[in-house]
Amino acid sequence: MIHVEGLTIGWGARVLMRDVSFDVARGDVFVVLGGSGCGKSTLLRHLIGLERPMAGRIAIERLGAPRDACVGRGAAPAFGVMFQSGALLGSMTLAENVGLPLRTWTDLPPAAVEAVVRAKLALVGLDGFENHLPNELSGGMKKRAAIARALALDPPLVFLDEPSAGLDPVSAVELDDLLLALNRALGLTLVVVTHELQSIFAIATRCIMLDREAQGIIARGDPRWLRDHGDDPRVRRFFNRQAAPTAPAGA
Amino acid sequence: MTEPAPAPPFLLRRDDPPEGPARLALGGRLELAQAATLWAGLGAALARPAPRGLEVDLAGVEVLDGAAAAMLAHAAEAARCAGGEVRFTGAAPDVAELLAWHARAGRPCLRPAPAGEPILTHVGRATLAIGRETREGLDFLGQAVRAATAAVRFPRTVNWRDAAAVLERAGADGVPIVVSIAFLTGMIMAFQSAMQLKQFGAEIFTADLVGISMTRELAPLMTAIIVAGRSGAAFAAELGTMRVSEEVDALRTLGLCPYRYLVFPRVAALVVAMPLLAALADLVAVAGGLFVALLTLDLTGRAYLVQTQQAIDPVDVVSGLLKAGVFGLIVALIACERGLHARGGAEGVGRATTSAVVTCLFAIVAVDAVFAVLFHVYGV
Ligand SMILES: Nc1ncnc2c1ncn2[C@@H]1O[C@H](COP(=O)(O)OP(=O)(O)OP(=O)(O)O)[C@@H](O)[C@H]1O
Ligand SMILES: [Mg+2]
């Protein structure tokens with residue numbers, strides 16, 4: 001579904017990741033792991049076409065390179081995206097936020113849009129909050145509303161940046177169940193950035209682990225296998241929640 | 001979606017057998033691309049009541065996506081509310097699971113949709129808002145005074161770095177626009193008055209007219225308007241954004257008073273920058289007048305300047321610069337107040353900025369009028 005080859009990315013002249021390659025297959029729940037600040041969100045921004053890579057190629061099946069919403073009449077987005085901060089439009093209610101892509105890209109009558117929006121909000125446990133504004137919601141509720149918006153057009157591919165960060169354990173498990181159900185029933189392909197170990201083991205079919213010092217992927221595969229058989233100490237520390245050994249002074 | 005599809009790729013048929021529940025058979029691909037047709041079809045099929053209940057047969061469904069599942073769930077809910085039993089049969093496990101997920105909406109909407117409000121409600125709300133804004137404004141003024149006294153007593157607690165940066169952005173960076181507008185205004189004034197004075201052979205008094213009206217009135221006024229548009233808008237947008245993204249609250253939790261940390265440096269910087277800009281505008285405006293005089297009148301540059309020097313009293317200049325300082329004070333105060341009281345998101349910041357500039361412009365003119373009266377009464 002996604003093919004990434006020789007990708008080098010960074011900000012300005014600073015390289016975050018060098019020569020990274022990986023593939024995401026249709027129906028995968030592909031999890032991106034790594035310490036805070038190692039460039040997971042940046043990688044996501046490149047995959048969805050918001051940034052230009054310094055080198056390398058990103059191809060999304062049936063789309064070729066990511067397309068630009070500002071060219072011509074535009075086109076319905078081929079995938080859904082949830083940003084780490086939610087990025088809901090602050091001047092619109094939740095129903096308007098989730099309904100915006102439906103109103104723009106389908107010919108559904110308003111009543112149908114309303115029914116779909118309500119069901120989408122119910123998926124993430126936000127039924128009843130249709131007419132609330134984003135700044136009247138808690139952080140976790142904003143996140144969930146952003147997930148509903150990412151799912152609005154029933155895209156075959158969804159990118160989620162830390163969907164369960166800031167959620168209580170119950171909501172987080174429900175969210176995992178939802179993602180798994182959509183993955184199973186619709187064959188939805190998911191690319192998820194997350195740190196929640198339980199969530200990783202519950203949903204991931206494959207993962208890559210990024211590292212800041214290594215400027216690339218230090219491990220890939222099934223997270224359960226990595227946990228039990230991974231021999232890289234950085235990988236083991238991540239899965240066993242151990243602190244890094246303190247570096248000698250001056251290092 | 002664009003080409004007219006004569007036959008939708010899904011099946012939707014209702015049978016009403018003489019005995020037992022009505023049957024609604026669905027099949028094929030039920031997807032967002034056909035959702036409008038599906039919605040209309042469901043509406044038509046369920047328009048007739050089904051008093052003996054409804055059985056929805058999903059055995060033929062190949063694909064069901066989220067939007068279609070949402071619509072089915074909605075239609076079933078509507079039929080149930082109309083008083084009939086609704087059952088789904090024959091659904092493959094995937095289809096049943098999706099349907100269950102999309103039928104979860106149980107909670108009634110917690111808030112009615114925002115609607116246009118009646119005029120009286122609107123008037124009442126606006127009146128209450130005036131009261132609230134007045135209170136907020138007075139509160140702000142009090143806090144600002146407290147911040148200023150604290151700043152005087154403990155000058156080391158003031159955020160001088162911000163003050164210097166604002167002084168540069170509001171003052172130095174504003175020089176080009178102030179200079180060009182002052183020069184043009186001086187030219188226009190000189191040209192217009194020279195046309196009239198020429199008829200009486202009194203061209204030399206152009207210098208008096210330009211000199212006095214610019215230093216006393218126009219230079220401070222024009223400068224204040226420019227500063228309100230540049231720096232007032234910037235302050236309101238900056239503080240408004242900080243406000244709505246909780247940065248102001250974060251400052252408080254760090255033990256920093258936003259009035260002392262954000263407002264005071266901006267006010268101090270504008271109070272200093274405005275008279276400097278106005279003084280510059282005075283000089284440039286006289287130069288503009290001189291330029292016109294040299295071009296269109298039979299005057300030497302020297303004669304014009306000597307005449308200007310005789311016409312202008314130092315009191316004219318000083319009173320103008322004093323006014324400029326006061327304008328700076330009110331522009332900074334109003335802009336910071338609007339910014340700190342922004343609410344909502346990006347839209348709120350926009351509203352705060354608009355309101356800041358409009359209020360600044362009005363306040364500048366109003367205060368100028370007050371000064372005119374005061375100066376007249378005290379014979380300045
Ligand atoms: N707009 C930007 N301009 C310059 N550098 C940036 C920008 N955004 C992020 N960075 C840098 O890129 C690096 C990676 O940031 P990124 O947001 O991708 O991290 P992350 O892996 O998503 O971390 P987290 O788990 O905390 O969200 C950071 O070191 C950050 O300093
Ligand atoms: Mg991130």
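To find a chain, count down the sequence lines: A is the first, B the second, and so on, and within it residues start at 1. Bear in mind that the values here come from a model prediction, so they are computed numbers and not experimental data.
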Contact origin within A/L153 toward chain B - heavy atom pairs under 4.5 Å
both

Counting only heavy atoms not in B/R87 (residues, nucleotides, ligands), do more than 12 fall under 6.0 Å from its CZ?
no

Using the rule given for side-chain contact (heavy atoms from CB on, under 4.5 Å), can you reason through A/L186 versus B/D94, listing the C-alpha separation, both sets of side-chain angles and the distance that settles it, and then say yes or no?
CA-CA 8 Å; A/L186 293 173; B/D94 285 353; over 6 Å; no

Options B/E347, B/E77, B/R104, ranked by heavy-atom pairs under 4.5 Å with chain A, top entry
B/R104

Tell me whether the count of non-hydrogen atoms from other residues, nucleotides or ligands lying under 6.0 Å of NE2 in B/H122 goes above 12.
no

Tell me which of these, A/A181, A/A95, A/P134, has more heavy-atom pairs under 4.5 Å with chain B than the rest.
A/A181

Contacting moiety of B/A346, where chain A heavy atoms sit under 4.5 Å:
neither

Heavy-atom pairs under 4.5 Å with chain B - which of A/T93, A/D177, A/L188 has more of them than the others?
A/D177

Looking at A/A115, A/A112, A/A119, which has the largest count of heavy-atom pairs under 4.5 Å with chain B?
A/A112

Take atom CD in B/E117; do more than 12 heavy atoms of anything else shown fall under 6.0 Å from it?
yes

Nearest-0.5 Å distance, CG of residue A/D154 to CG of residue B/L64:
9.0 Å

Who wins among B/G344, B/G345, B/A68, B/A67 for the most heavy-atom pairs under 4.5 Å with chain A?
B/A67

Give the member of A/L133, A/L151, A/N135, A/L123 that has the highest number of heavy-atom pairs under 4.5 Å with chain B.
A/L123

Other residues, nucleotides, ligands: >12 heavy atoms within 6.0 Å of A/E136 CD:
yes

Can you establish whether the number of heavy atoms outside A/Q198 located under 6.0 Å from its atom CD is more than 12?
no

Could you grab the distance from atom CG of B/L38 to atom CG of A/L108, nearest 0.5 Å is fine?
9.5 Å

Would you give the length of the straight line joining atom CD of B/Q34 to atom OG1 of A/T106, rounded to the nearest 0.5 angstrom?
12.0 Å

Sort A/L178 into side chain, backbone, both or neither according to what part of it lies under 4.5 angstrom from a heavy atom of chain B.
both

Over 12 non-hydrogen atoms of neighbours within 6.0 angstrom of CZ in A/R103:
yes

Under 4.5 Å heavy-atom distance to chain A, tell me which part of B/W101 shows up: side chain, backbone, both or neither.
both

If one checks every heavy atom of A/E114 against chain B at 4.5 Å, the contacting part turns out to be neither

B/H74 vs A/R118, test: side-chain contact (heavy atoms from CB on, under 4.5 Å). Steps then yes/no.
CA-CA 9 Å; B/H74 178 84; A/R118 200 165 151 67; over 6 Å; no

